[in-house]
Amino acid sequence: MPPRNPFTRSAQSAEVKPRKIGSSLLQGVITVIVILAIWQCIVIFFKMPSFILPSPGAVLQKLVQRADVLVFHAWVTMQEILLGLLLGLTMGLFFALQMLLFKPLKRWLLPILIASQAIPVFAIAPILMLWLGYGIASKVVMAALIIFFPVTTCCYDGLRSTPTGYLDLAQTMSASRWQTLRHIRLPAALPTLASGIRVAVVVAPIGAVVGEWVGSSAGLGYLMLQANARMMIDEMFAALFILALFSISLYFMTDQCLKRAIHWRL
Amino acid sequence: MPPRNPFTRSAQSAEVKPRKIGSSLLQGVITVIVILAIWQCIVIFFKMPSFILPSPGAVLQKLVQRADVLVFHAWVTMQEILLGLLLGLTMGLFFALQMLLFKPLKRWLLPILIASQAIPVFAIAPILMLWLGYGIASKVVMAALIIFFPVTTCCYDGLRSTPTGYLDLAQTMSASRWQTLRHIRLPAALPTLASGIRVAVVVAPIGAVVGEWVGSSAGLGYLMLQANARMMIDEMFAALFILALFSISLYFMTDQCLKRAIHWRL
Amino acid sequence: AQNKRVTLMLDWFVNPNHGPIIVALQQGYFDEQGLTVKIQEPADPSLPAKLVAANKVDLAISYQTSLTIDVAAKLPLIRASTLISTPLNTMMVLDNGKINTLADLKGKKIGIAIAGNEEAIIGTMLQTAGVNYSDVEIIHVGWALSSALASGKVDAIWGGFRNFESNQLAIEGYPSKAFYPEEHGVPMYDELVVVANADHYDADAIGKFNKAIEKATAYILNHPKKAWTIFVSYSPDTLDNELNQRAWRDTLTRFDLRPAAVDLKRYDEFTQFLFDHKVIPFKPKSGDFVPTL
Amino acid sequence: MADSVLIKIINGALRYKGEGQYVLSQVNMSIAKHQWTSVLGKSGCGKTSLLRFLAGLLDEKVDWSGSVETPLQGDLSQHVAYMAQQDLLMPWLSVMDNVCLRFRLSNKKITEPEKQQATALIEQVGLLDKIHHFPEQLSGGMRQRVALARTLMQDKPLVLMDEPFSALDAVTRYQLQNLSVTLLQNKTIVLITHDPQEALRLSSKIYLMHGQPAQCHSFPVPTMDVPRRLSGEIAQLQQQLIEQLGKNHASS
Amino acid sequence: MADSVLIKIINGALRYKGEGQYVLSQVNMSIAKHQWTSVLGKSGCGKTSLLRFLAGLLDEKVDWSGSVETPLQGDLSQHVAYMAQQDLLMPWLSVMDNVCLRFRLSNKKITEPEKQQATALIEQVGLLDKIHHFPEQLSGGMRQRVALARTLMQDKPLVLMDEPFSALDAVTRYQLQNLSVTLLQNKTIVLITHDPQEALRLSSKIYLMHGQPAQCHSFPVPTMDVPRRLSGEIAQLQQQLIEQLGKNHASS
Ligand SMILES: Nc1ncnc2c1ncn2[C@@H]1O[C@H](COP(=O)(O)OP(=O)(O)OP(=O)(O)O)[C@@H](O)[C@H]1O
Ligand SMILES: Nc1ncnc2c1ncn2[C@@H]1O[C@H](COP(=O)(O)OP(=O)(O)OP(=O)(O)O)[C@@H](O)[C@H]1O
Ligand SMILES: [Mg+2]
Ligand SMILES: [Mg+2]
């Protein structure tokens with residue numbers, strides 16, 4: 001028979017089998033090129049002066065030329081990002097569980113979490129610095145701080161919208177709260193939680209960079225400030241470019257894992 | 001019979017009937033007090049010098065004393081936030097639909113969206129200035145930019161994980177893509193989408209503030225920077241306080257609406 | 001006749017350093033010259049120069065150090081006038097007997113807000129005390145210069161203004177000591193200059209602008225008290241506080257009496273200095289970016 | 001004759017992608033126009049798969065060989081109304097809206113007579129008092145009845161029903177069978193059921209599926225018009241049918 | 001006697017919160033220990049509600065009046081194994097893991113003999129070849145069988161089954177009924193079914209629910225031990241039962 005509505009099909013197959021690593025690598029390459037192309041277009045059509053938006057060419061050149069420096073700073077930031085992710089995800093999960101398990105606690109906890117999101121870092125920079133110093137801690141915390149709210153929200157919403165039937169079943173099997181959580185709610189929440197994680201890995205890098213502005217002696221954020229101060233805009237964009245690469249590759253790696261992990265549908 | 005596992009119960013009732021406005025107002029008040037209390041404790045126990053973290057008392061005083069100024073700037077920022085939310089949510093929904101409807105497009109679009117998230121605003125501040133100028137536009141765009149990724153992600157993940165049975169049904173009713181989207185996928189995605197919206201309303205204010213750093217002559221962000229530059233830290237925290245209030249009240253208002261709107265479970 | 005419209009972007013929010021401009025504005029000196037000056041305040045000091053170079057604003061306040069770096073980076077900028085003709089940056093330490101000479105900074109932490117010239121200037125200053133740049137730990141503390149010092153997280157800060165941070169610390173109860181770059185091997189430079197676009201600048205307008213602030217500067221020196229009230233009247237609720245009052249007092253003596261005056265040699269020396277310390281890849285000729293209008 | 005056959009399946013074989021063994025092989029069926037055709041078979045033998053395939057829901061999930069002939073124009077699945085084994089009620093729609101889902105999904109605006117038709121249908125399945133309730137407030141059988149009503153609201157020439165009465169008590173079931181027969185006149189129905197009596201009451205043709213992979217054989221039925229009343233003959237046939245099913249079961 | 005009654009419901013009345021009318025009223029039941037008790041009734045009359053209530057799943061969803069007496073210690077729901085009308089299989093667990101869900105949910109580590117028991121059970125419900133498949137790869141009947149196996153894995157004194165065989169063909173149903181009877185010896189079973197024959201085969205006591213709000217009356221059954229083979233007597237009883245159901249249906 002002739003193929004039918006391709007819509008549902010594609011949507012299904014998306015879930016059914018995760019894409020091959022190879023193709024996703026290819027995709028990565030393609031997209032980098034696309035981004036560069038768009039960038040170039042902007043430079044050309046908007047007649048951007050190079051000290052505001054340098055051309056990709058110039059930036060790539062810097063990328064090669066200053067590879068050693070960039071790699072060093074990138075490595076520093078990378079560590080901050082990964083640790084930040086670790087901390088942020090655990091925090092997010094933890095808070096979500098807290099709010100779920102101790103309902104009253106939610107009323108008190110939630111607003112504080114929210115407030116923590118609404119505060120621009122520069123305002124509390126001195127405090128952060130006072131408590132966390134200029135080491136890696138402040139960046140990790142910033143990265144964690146910036147991601148843990150999306151994680152908490154998605155995780156919490158996922159956990160509390162478990163199909164009631166499953167919960168009933170668990171109840172008749174006289175499962176403890178913890179067991180129900182671990183074996184019913186958590187798996188059932190994974191798809192929603194996944195969204196949270198996807199967002200997290202993308203915004204974590206910016207958290208780290210912001211942390212580096214608060215205070216640092218290395219890292220891509222530091223490098224950017226330096227380059228900017230010295231009007232080496234192309235170098236700044238080289239750093240920016242790496243940062244974007246981090247986010248993108250982190251996203252697609254996570255995406256692959258999540259797709260593999262979540263093979264079912266509710 | 002004696003009550004059973006309170007866990008599933010509380011979780012259920014949460015969905016079943018949304019809390020009364022009154023109680024949630026009360027809650028709001030309580031939590032504000034809580035925050036102030038914690039704040040005071042920090043000040044006392046960490047012996048914070050007032051130029052790093054002023055006492056709530058001092059801030060509240062400023063709050064009253066400079067009410068007129070604060071209200072003015074708050075009003076400006078409020079507009080930016082709301083417009084930003086509007087723009088960001090529509091953008092998020094729009095991109096999610098794009099990626100869903102035109103699968104190939106996703107490969108190209110997504111990485112660009114991600115990159116847009118990974119770029120610290122200060123780096124592209126001049127560009128924004130060139131394009132958006134000094135007016136409200138830049139702030140609205142910033143707010144939108146910062147929220148639309150969580151929205152896109154949650155929306156997209158929600159839309160593509162519709163229970164296959166529903167899609168099959170739609171298909172046998174030979175529904176068009178659009179109809180399936182509108183009447184099956186969208187409602188089914190609402191719970192996940194809700195998470196995205198919750199995150200959005202909370203982070204939108206900071207987006208507006210960040211936008212105000214790019215360049216502005218009014219708004220809470222402007223006020224903060226100025227106060228900070230003049231070492232009027234208590235005034236800065238007064239602005240901060242209002243900003244946090246925005247986020248919190250926005251969150252709870254949205255939460256109420258969403259709870260009302262989403263009365264079912266998949 | 002129809003007034004010329006001029007947009008001027010400050011380097012930061014209005015503060016005593018901008019005294020002459022504000023006074024000129026309040027006193028209508030610009031009007032007298034047939035100028036309508038529109039003031040904008042950025043949140044990021046590196047933004048204004050770029051916008052001038054992009055011909056988005058007519059004039060911007062920048063620093064000679066930055067200007068030199070920018071010009072060396074091929075930004076089409078010129079110095080239009082000088083606002084404050086001595087350095088304001090200082091190396092600041094707490095006045096608690098711990099650090100009495102630059103030599104004491106060996107192995108200590110120095111907090112900075114990155115401006116791109118730290119290595120050159122701090123390095124030079126330390127050299128005069130026989131300390132190597134590599135012997136100190138440089139930390140970017142961004143938004144928290146003075147609180148970093150006050151809270152003891154760093155032993156010294158570079159980049160604080162002698163007329164501002166010092167007072168700020170004093171008010172908070174942290175008396176500080178300052179080491180001045182010009183006294184420790186760093187050539188003299190203009191702290192605050194006004195820059196214009198090299199390709200599109202309007203010499204006539206700049207001339208009028210300079211005239212206006214020259215008059216304002218004179219007025220300030222003649223009537224410090226009155227000038228203060230005029231300055232504050234620009235925005236009473238934000239400007240009228242003790243910090244600004246103190247800063248005003250310390251800034252009076254530093255306003256350039258001849259904003260239009262050009263001293264090419266002075267500029268060349270500083271350019272040489274930056275070049276020697278590899279802050280800039282080549283030496284732009286001061287004649288090119290410090291035109292005599 | 002050829003004209004009176006709506007669907008002819010020849011040597012159909014079906015295997016789920018990734019699965020080793022075929023679910024169906026050498027399935028030959030001819031589904032007569034405007035008639036009820038019943039399919040019986042052991043649980044898990046492939047009835048639903050066959051139906052889902054006809055409804056065009058398995059295209060990229062299975063490997064299919066064999067041919068499906070039909071006089072219907074274009075894509076078969078466009079002419080199908082499918083009632084799945086699980087009542088797929090939208091939890092966010094009331095009973096009424098679920099029954100009228102078809103109108104939401106095709107851009108058509110719902111007209112007054114159609115509204116009345118829907119209400120009447122809901123009444124006939126005995127849920128008038130639940131018309132504004134939501135699915136989670138309904139009992140299992142009620143949900144199934146709503147699904148039935150929803151299917152009856154679609155008018156497509158070919159109606160595929162997968163155990164539509166399984167969750168109903170004998171009496172309700174009996175009533176709804178009659179209702180379906182009346183409402184589905186001059187439509188072609190393929191009915192999956194586990195209830196021999198049901199098959200014998202309603203269908204003018206019965207296929208038994210058995211074996212692994214499953215084939216299907218037709219089971220002779222008298223040529224009275226449906227719904228048949230339970231006569232001695234029917235009772236006898238029922239006995240045979242059950243025995244036949246038993247044999248198949250043992251054999252596979 | 002009193003001792004041989006496991007649950008005694010006296011004047012039970014049940015109403016869903018927010019709903020106007022009662023679903024059950026004046027329900028009196030006594031469920032005999034180690035026996036099968038069947039509940040039949042029109043679709044939507046309140047069977048599932050009653051069962052869910054006994055399983056303690058409705059506590060904060062319904063208003064209940066009346067008393068439930070039981071010799072069992074503490075909370076009744078702790079002694080219950082409940083098989084719902086919908087097979088609630090976890091989509092992320094394989095058949096094996098679904099059957100062994102109980103062990104995941106109680107901190108107990110699963111022992112080797114228990115593993116073997118599970119495997120045996122899966123074989124007995126005829127799904128050995130699907131043991132590592134996931135629910136979405138199973139047919140409706142298969143899913144129900146997995147749910148049955150899962151229920152049989154729990155050993156609780158009281159087993160509540162809501163139409164456990166509804167999606168199965170006659171033969172498979174017959175086999176699984178026998179299986180259940182053997183495996184559930186000296187357990188107390190409450191069985192909801194729409195199949196009079198099933199009720200008569202298995203249960204030592206039958207309740208018919210009817211009316212709105214529903215009451216229930218017991219239907220006399222012979223005192224042979226289950227599973228009964230279909231004799232003339234049973235056939236006769238079945239006829240009576242069907243008629244009775246028909247009457248109730250008409251009356252309500
Ligand atoms: N969650 C609920 N909220 C409100 N009413 C409900 C709810 N669940 C069931 N009801 C109502 O209670 C009545 C009995 O439902 P129940 O599921 O017990 O019927 P049943 O006897 O199991 O029917 P069936 O044989 O079709 O499963 C029905 O009228 C139904 O509408
Ligand atoms: N999505 C799937 N992927 C793999 N195998 C499947 C899938 N769906 C069904 N099967 C297999 O196909 C066979 C037939 O399934 P089907 O649902 O057609 O049986 P059925 O005749 O409908 O059984 P029942 O009467 O129990 O509903 C079963 O062995 C089942 O395991
Ligand atoms: Mg089936
Ligand atoms: Mg029921």
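All heavy atoms count here, side chains included; hydrogens, waters and symmetry mates do not. Proteins get letters first, then strands, A, B, ... in listed order; numbering begins at 1 in each. Being a predicted model, the structure only gives us computed values, none of them experimental.
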Which bit of D:S43 is near chain E, if near means a heavy-atom gap under 4.5 Å: side chain, backbone, both or neither? both

Measure distances from D:D87 to the heavy atoms of chain E and classify the residue's part below 4.5 Å as side chain, backbone, both or neither. neither

Heavy-atom pairs under 4.5 Å with chain E, option from D:C45, D:G140, D:P196, D:G246 with the top count: D:G140

Heavy-atom pairs under 4.5 Å with chain E - which of D:R145, D:Q86, D:M142 has more of them than the others? D:R145

For chain D, which residues of residues 166-179 of chain E have heavy atoms nearer than 4.5 angstrom: E:S166, E:A167, E:L168, E:D169, E:A170, E:V171, E:T172, E:Q175

How long is the gap from CG on D:D195 to CG on E:D195, to the nearest 0.5 Å? 8.5 Å

Student check: side-chain heavy atoms of E:H133 and D:E19 closer than 4.5 Å: yes

Measure E:Q137 against the heavy atoms of chain D and call it side chain, backbone, both or neither at under 4.5 Å. side chain

